[in-house]
Amino acid sequence: MEHRVTAVLVAAGSSTRMGFDKLSFDLGGETVLERSVRAFDECPEVDELVIVTGASSENAQRAVARCKKPVRLVKGGSTRAESARSGVAAAHGKLVAVHDAARPFVSQSVIADTIAAAARCGAAAPAVPVKDTIKQAKGGNGKTVPEGCMVENTPDRSTLYAVQTPQCFDRTAYLAALDELDEASARLVTDDCSLFELTGRPVELVQGDYANIKITTREDLPRAENGGKKMRIGHGYDVHRLVEGRKLILGGVEVPYEKGLLGHSDADVLAHAVMDAVLGAAALGDIGQHFPDTAEEYAGADSLMLARRVAEIMTEHGWRIENIDATILCQRPKLAPHIPAMRAKLAEAFGMPVDAVSVKATTEEHLGFTGEGLGIAAHAVALIEAV
């Protein structure tokens, strides 16, 4: 990048909605602020960093100690806008990338794309399409819905974007826009892009990232004990004997062979192990409990049909299946040519992308029940997440 770039990280907030200093929260070996600083320190397009601090700069000083690039610390103001202004004023870059330090998960591609767009047109910001329907109604305090709040309008969702940071600008234009705003207009500035919009300057939006969240309340913290993700892991195992006169069904795929697996249903040992792993992760029993082999309706049943029912059970109990990893223990026949089809059928049955389903096959070097060709077994592991 021919333009010298300064990253301005605004870290002067009071964290009143969090109840503690969110920027010092441990993300696993580094704080929120340290991770945000690292993202820009590692970005090839950024030449220097300015960190805007609050009353205490101790957290920022720890983050600075890890930086390879030049860093300056400056004091912020009483508002976020004043803090951003202080940071931009201290920057040396032709371009400034103003970033909320409470967005620690910003990616390198988002930073680079936004800087490149600002170099073209003078101002740019990352954004993502709004997923929810938005209602325009009576104004409130921004925290709760006021009493008697009647809907006035429903904007076209296809025109709405949630704007993120870093927001990048030509530094000279940024400072000029500040000088052009009168006091009334200044009160309308809700983010740095607003400054350009209110002074008639163009702003380009580039593709952001839904993972680039701003940590504002405890619910935003990425840990289960703080209201974040809740995950569980389950293991499943099944084995069936090989006999003549039966089809060999594995993962919903009919595999050409002289023998098939013996069982009450279609004896799909792979699908059975996966179902047990999924149910086990949620502590919801096993397939024998949900589809007993004493029930006539399951005689010869298609195991993928049962897998679809297991997926429904998981949804009913508030779980989403994140990924599946399974291994088939089989001496003969060779299964490698059929594994892609098994993955696809299992993915469809559980409502998952194919790349979240792994199926492997191995022999047991002629050892044991499966190694002697007497039967086929399968192990499976599943990861589920609360929704």
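Heavy atoms only: backbone and side chains are in, while hydrogens, waters and symmetry mates are out. Residue numbers run from 1 in the order of the sequence given.
Here CG of Asp41 is found 6.0 Å from NZ of Lys69. Values are rounded to the nearest 0.5 Å. Taking NE2 from His240 and NE2 from His264, the interatomic distance works out to 11.5 Å, rounded to the nearest 0.5 Å. In this structure, Leu284 CG and Ile384 CD1 are separated by 7.5 Å, a value rounded to the nearest 0.5 Å. Between the CZ atom of Phe40 and the CG atom of Leu9 there is a distance of 5.5 Å, given to the nearest 0.5 Å. To the nearest 0.5 Å, the span separating CD on Glu372 from CG on Leu367 amounts to 8.5 Å. Here the NZ-CG distance, from Lys22 to Asn59, works out to 12.5 Å after rounding to the nearest 0.5 Å.
When side chains are defined from C-beta on, Ile328 counts as touching Met342, because their heavy atoms get closer than 4.5 Å. For the pair Val50/Val96, no side-chain contact is recorded, criterion being any heavy-atom separation below 4.5 Å from C-beta on. By the 4.5 Å heavy-atom criterion applied to side chains, Asp325 and Lys360 are counted as neighbours. A heavy-atom distance below 4.5 Å is not found between the side chains of Tyr161 and Pro126. In this structure, the side chains of Val10 and Val98 come closer than 4.5 Å at one or more pairs of heavy atoms. Annotation: side chain of Lys94 is in contact with side chain of Asp170 (closest heavy-atom distance under 4.5 Å). Annotation: side chain of Val37 is not in contact with side chain of Val64 (no heavy-atom distance under 4.5 Å).
Proximity of a side-chain donor or acceptor of Gln164 to a complementary backbone N or O of Asp209 within less than 3.5 Å is detected. In this structure a side-chain-to-backbone donor-acceptor pair under 3.5 Å is missing from Arg157 to Ile134. Remark: side-chain polar atoms of Arg320 are not paired, donor with acceptor, to backbone N or O of Glu385 under 3.5 angstrom. Counting only distance, with no hydrogens or angles, the side chain of Asp268 and the backbone of Gly252 share a donor-acceptor pair below 3.5 Å. The backbone N or O of Ser303 sits nowhere less than 3.5 Å from a side-chain atom of Ser265 that would complete a donor-acceptor pair. The backbone N or O of His92 lies less than 3.5 Å from a partner atom in the side chain of Glu48, making a donor-acceptor pair. Side chain of Ser57 to backbone of Ala60: no donor-acceptor contact under 3.5 angstrom is found. When atom types are taken as modelled, the side chain of Asn323 and the backbone of Ala356 share no donor-acceptor pair closer than 3.5 angstrom. Side chain of Asp100 to main chain of Ala102: no donor-acceptor pair is present (N/O by atom type, distance under 3.5 Å, no hydrogens or angles). No donor-acceptor distance shorter than 3.5 angstrom exists from the side chain of Asp302 to the backbone of Asp266, with no hydrogens or angles considered.
Residues satisfying the side-chain contact (heavy atoms from CB on, under 4.5 Å) criterion with Arg35, sequence neighbours excluded, are Leu27, Glu30, Arg38, Pro104, Phe105. Scanning for salt bridge (Lys or Arg N to Asp or Glu O under 4.0 Å) contacts around Arg343 gives an empty result, with sequence neighbours left out. Scored by the side-chain hydrogen bond (donor to acceptor under 3.5 Å, both in side chains) test, Thr363 finds no partners at all (sequence neighbours excluded). Residues meeting the side-chain contact (heavy atoms from CB on, under 4.5 Å) test with His379, sequence neighbours left out: His235, Tyr237, Leu329. When the side-chain contact (heavy atoms from CB on, under 4.5 Å) test is applied to Ser86, no partner is found at least two apart in sequence or on another chain. Applying the side-chain contact (heavy atoms from CB on, under 4.5 Å) test to Cys121 and every residue at least two apart in sequence or in another chain returns Glu204.
Counting heavy-atom neighbours within 6.0 Å of Lys75 NZ, excluding the residue itself, gives a total above 12. Residue-environment remark: NZ (Lys334) stays at or below the threshold of 12 foreign heavy atoms within 6.0 Å. Within a 6.0 Å sphere centred on CD of Glu147, heavy atoms belonging to other residues, nucleotides or ligands number 12 at most. Other residues, nucleotides and ligands contribute over 12 non-hydrogen atoms within 6.0 Å of the CD atom of Glu152. At most 12 non-hydrogen atoms from other residues, nucleotides or ligands lie less than 6.0 angstrom from CD of Glu58.
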### CA sep, side-chain torsions, deciding dist, call: Phe350, Val274, side chain to side chain contact (heavy atoms under 4.5 Å, CB included)
CA-CA 10 Å; Phe350 285 100; Val274 171; 3.6 Å; yes
### Query
Are Thr6 and Asp47 close enough, and set up right, to give a side chain to side chain contact (heavy atoms under 4.5 Å, CB included), and what steps lead you there?
CA-CA 6 Å; Thr6 300; Asp47 300 291; over 6 Å; no
### Query
Going through the checks in order, is the side chain to side chain contact (heavy atoms under 4.5 Å, CB included) test met by Gln289 and Leu279?
CA-CA 10 Å; Gln289 176 182 330; Leu279 289 167; over 6 Å; no
### Query
Yes or no on side chain to side chain contact (heavy atoms under 4.5 Å, CB included) for Leu23 and Thr31, after CA distance, side-chain angles and deciding distance?
CA-CA 6 Å; Leu23 296 182; Thr31 65; over 6 Å; no
### Query
side chain to side chain donor-acceptor pair (under 3.5 Å) between Glu364 and Thr370: does it pass, once the steps are laid out?
CA-CA 7 Å; Glu364 293 205 286; Thr370 57; 2.2 Å; yes
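A salt bridge links Asp192 with Arg80: the closest approach of a Lys/Arg side-chain nitrogen to an acidic carboxylate oxygen falls below 4.0 angstrom. Ion pairing between a basic and an acidic side chain is recognised when a charged N comes within 4.0 Å of a carboxylate O; Arg85 and Glu82 show no such pairing.
Residues Ala101 and Leu33 share a closest heavy-atom pair of CB-CD1, 3.7 Å. When all heavy atoms are compared, the tightest approach of Arg246 to Val243 is CG-CG2, 3.6 Å. Closest of all the heavy-atom pairs between Arg72 and Ala90 is NH1-O, 2.9 Å. Taking each heavy atom of Ala137 and Met150 in turn, the nearest pair found is CB-O, 3.2 Å. Closest approach of Gly76 to Val52, counting heavy atoms only: CA-CG1, 3.4 Å. Val88 and Arg171 get closest at one heavy-atom pair: O-NE, 2.9 Å.
By the rule that hydrophobic residues join a cluster once side-chain heavy atoms approach within less than 4.5 Å of another member, Met305 and Ile321 end up as members of one cluster. Both Ile376 and Tyr257 sit in one connected hydrophobic cluster of ILVMFWY residues. Membership requires side-chain heavy atoms under 4.5 Å apart, directly or through other members. Val128 and Val206 fall into different hydrophobic clusters, where Ile, Leu, Val, Met, Phe, Trp and Tyr side chains are chained together by heavy-atom contacts under 4.5 Å. Residues Leu242 and Ile249 fall into different hydrophobic clusters, defined by Ile, Leu, Val, Met, Phe, Trp and Tyr side chains chained together at heavy-atom separations under 4.5 Å. When hydrophobic clusters are built by joining Ile, Leu, Val, Met, Phe, Trp and Tyr residues whose side-chain heavy atoms come closer than 4.5 Å, directly or via intermediates, Leu198 is not grouped with Val163.
Aromatic ring pairs are classed by plane angle as parallel below 30°, tilted from 30° to 60° and perpendicular above 60°; the pair Tyr174 and Phe196 is tilted.
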